[in-house]
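Here's the structure, in structure tokens; my notes come after.
Every chain is numbered from 1 and lettered A, B, ... according to where its sequence line falls, protein lines coming before strand lines.
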Amino acid sequence: MPRLSRDETTPVRFTLNGAPVSGRAEPRRLLSDFLRNECGATGTHVGCEHGVCGACTIRIGGTMARSCLTLAVQAEGATIETVEGLAPQPGRLSVLQEAFRRHHALQCGFCTAGILMSLDTLFLDEPDAGEVRIRDVLGGHLCRCTGYEPIVQAAIDAQSRLRSGNTDV
Amino acid sequence: MKPAPFDYVRAESLDEVLDVLAAEQGEARILAGGQSLLPMLSMRLARPRVVIDVGRIRGLDAVETAKDGLVATAGLRQATLLAHPGLERTHPLLAAALPWVGHVQTRARGTICGSVAHADPSAELPLCLVALGGSVRLISKRGRRRVEARDFFTGLMSTGRREDEMIEAVSFPEAKRETGYAFREFGRRHGDFAIASVAAVVTTKTIEISVGGVDDVPARRAWPRLEGSALDDALNALAWELDARDDIHADQRLRRDLVRSLGRIAITEASQCLV
């Protein structure tokens, strides 16, 4: 039973977007801060820091999760995916990201990383999710720019392209 | 918005958890899904000396069926229970209320027992546990005991759990025959904390109504099958009995009004399930 002292840092290792990463964290370090400050993965944004706004949403072990409601030490050995892992290759956007661009589904972009991770996970888990389900998932995110409608439209567009196999963007 | 420093124990067995709980004398908090504890830590409303992570203990995330109904063990996630086959048939109230617990993203991590342990007066799961006459199974080095849900919630975010105890499981009795169940909630946005929520359990002879979000703990009342103005009067009396408060989301008057209106809607809906 390892007990980690409050003042000491301990090694934390996990897989981030397919590659192993490691760093050191004291017990109270949030995973959101660890990703940004230790891993340099600043695509994940930190908004409210108590699980309400959704900006820090990532994927842990294939499941949507708020990285601000997870301790870095909890992530030891986990498989983690963030917005940096969505694009298929440098200079090219994923189908979902491209739909966001096409539909003006973002303005300032602060909330976007989290929303992309939630929708990407939804379409992996439930390729046939309907609009009600899409809106249900978006209910876990706050966006102060778009009024949400362009996000819904982008999601529906991306989903229909993913289902038809028309992934040319 | 960063937690105060704490020690961290990654428990590998239940015995280890109970050892630390006994040794720390109320200064330890259990981390399962973290969806209630982490906000409390970050807002520094909770400053435990040690956090015990139970997420690595095997076999803690089971749904079992026992004499006292569906048993949700300590690590069972809210999303897992929502997806449990047959839940709508065996536990229609839970199937109706679970989609109101937080968001898709928090239900994926948050646990049933964690929400019960946190005992937020607005939370749906404590309300359902009280409405269904469920119970809480507590374990410590001294042994096990069971507490009825109605006795477990003792005040605002306060429960009958003793310092050295952990919630091992909670049990939700199965739906009874010739009984209707309904759940209604009002919040500013779906996924927000409930300003008021109501669970109704109706038979041919009785009405049971439980109200969350208004008083410090879920309130449950049992009435005969009142109808018309007699039901309105009973709902109005209940609304005034509860210690409704003003906060930034709603004033007392709105909360009382929601007890009357949501109560009427939920009771009607539950009655319709009977036929």
Side-chain angles (χ1 to χ4, degrees), chain A residues 1-8 10 25-33 46-54 56-78 114-115 117-119 121-122 125-126 129 133-142, chain B residues 1-17 19-20 23-24 28 31-45 47-57 77 79-80 83 99-100 102-110 114 187 189-193:
Chain A
M1 172 177 59
R3 176 166 180 151
L4 312 178
S5 165
R6 65 188 58 207
D7 305 317
E8 290 169 31
T10 185
E26 65 269 52
R28 68 176 180 137
R29 176 62 63 96
L30 302 174
L31 181 56
S32 44
D33 291 332
V46 175
C48 72
E49 297 195 284
H50 61 283
V52 173
C53 78
C56 71
T57 303
I58 60 170
R59 200 149 57 217
I60 304 177
T63 308
M64 294 175 215
R66 305 284 205 231
S67 58
C68 78
L69 297 188
T70 310
L71 300 174
V73 288
Q74 281 180 280
E76 171 69 17
I115 293 178
M117 290 314 293
S118 278
L119 289 174
T121 310
L122 174 67
D125 292 346
E126 304 170 37
R133 182 69 176 146
I134 289 170
R135 287 180 182 272
D136 187 29
V137 168
L138 286 175
H141 294 273
L142 292 178
Chain B
M1 294 297 289
K2 310 290 181 194
F6 52 79
D7 288 359
Y8 170 86
V9 173
R10 184 178 292 139
E12 278 144 26
S13 72
L14 204 52
D15 286 341
E16 288 179 356
V17 179
D19 283 342
V20 179
E24 294 293 333
L31 171 62
Q35 305 301 290
S36 298
L37 181 60
L38 263 289
M40 295 290 284
L41 293 174
S42 282
M43 290 188 270
R44 303 203 176 190
L45 295 170
R47 302 179 70 137
R49 186 159 59 214
V50 53
V51 167
I52 311 169
D53 184 355
V54 300
R56 309 269 165 156
I57 304 176
R77 301 196 193 278
T80 310
W100 292 84
H103 305 282
V104 173
Q105 294 84 357
T106 58
R107 287 196 297 274
R109 307 274 299 171
R189 298 167 308 151
H190 189 102
D192 279 6
F193 284 108

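A salt bridge does not link B:Glu12 to B:Arg56: none of the charged nitrogens lies less than 4.0 Å from a carboxylate oxygen. Remark: A:Arg133 engages A:Glu126 in a salt bridge, criterion side-chain N to carboxylate O under 4.0 Å.
Side-chain N or O atoms of B:Thr106 include one that pairs as donor or acceptor with a backbone N or O of B:His103 at under 3.5 Å.
Using a 4.5 Å cut-off between heavy atoms, A:Thr63 contacts chain B through its side chain alone, with no backbone atom that close. Contacts of B:Met43 with chain A are made by side-chain atoms alone, with heavy-atom separations under 4.5 Å and no backbone atom involved. Of the atoms belonging to A:Leu142, it is side-chain heavy atoms, and not backbone ones, that fall under 4.5 Å from chain B. The parts of A:Glu76 that come within reach of chain B are both its backbone and its side chain, each placing non-hydrogen atoms under 4.5 angstrom from that chain. Of the two parts of B:Leu37, neither the backbone nor the side chain holds a non-hydrogen atom closer than 4.5 Å to a non-hydrogen atom of chain A. Heavy-atom distances place the side chain of B:Arg107, and not its backbone, under 4.5 Å from chain A. With a 4.5 angstrom heavy-atom cutoff, B:Ala4 touches chain A only via backbone atoms.
Your options are A:Thr57, A:Asp33, A:Val73, and the one with the most heavy-atom pairs under 4.5 Å with chain B is A:Val73. Here A:Gly139 is the residue among A:Cys48, A:Gly54, A:Gly51, A:Gly139 with the most heavy-atom pairs under 4.5 Å with chain B.
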Trace of the salt bridge (charged side-chain N to carboxylate O under 4.0 Å, His left out) decision for A:Glu8 with A:Arg29: CA-CA 11 Å; A:Glu8 290 169 31; A:Arg29 176 62 63 96; over 6 Å; no

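To the nearest 0.5 angstrom, B:Lys2 atom NZ is 7.5 Å from B:Ser42 atom OG.
With A:Thr70 as the fixed residue, the side-chain contact (heavy atoms from CB on, under 4.5 Å) test singles out one of A:Ile58, A:Leu30, A:Leu31: A:Leu31.
If you check the side chains of A:Ser32 and A:Glu49, you find no donor sitting under 3.5 Å from an acceptor.
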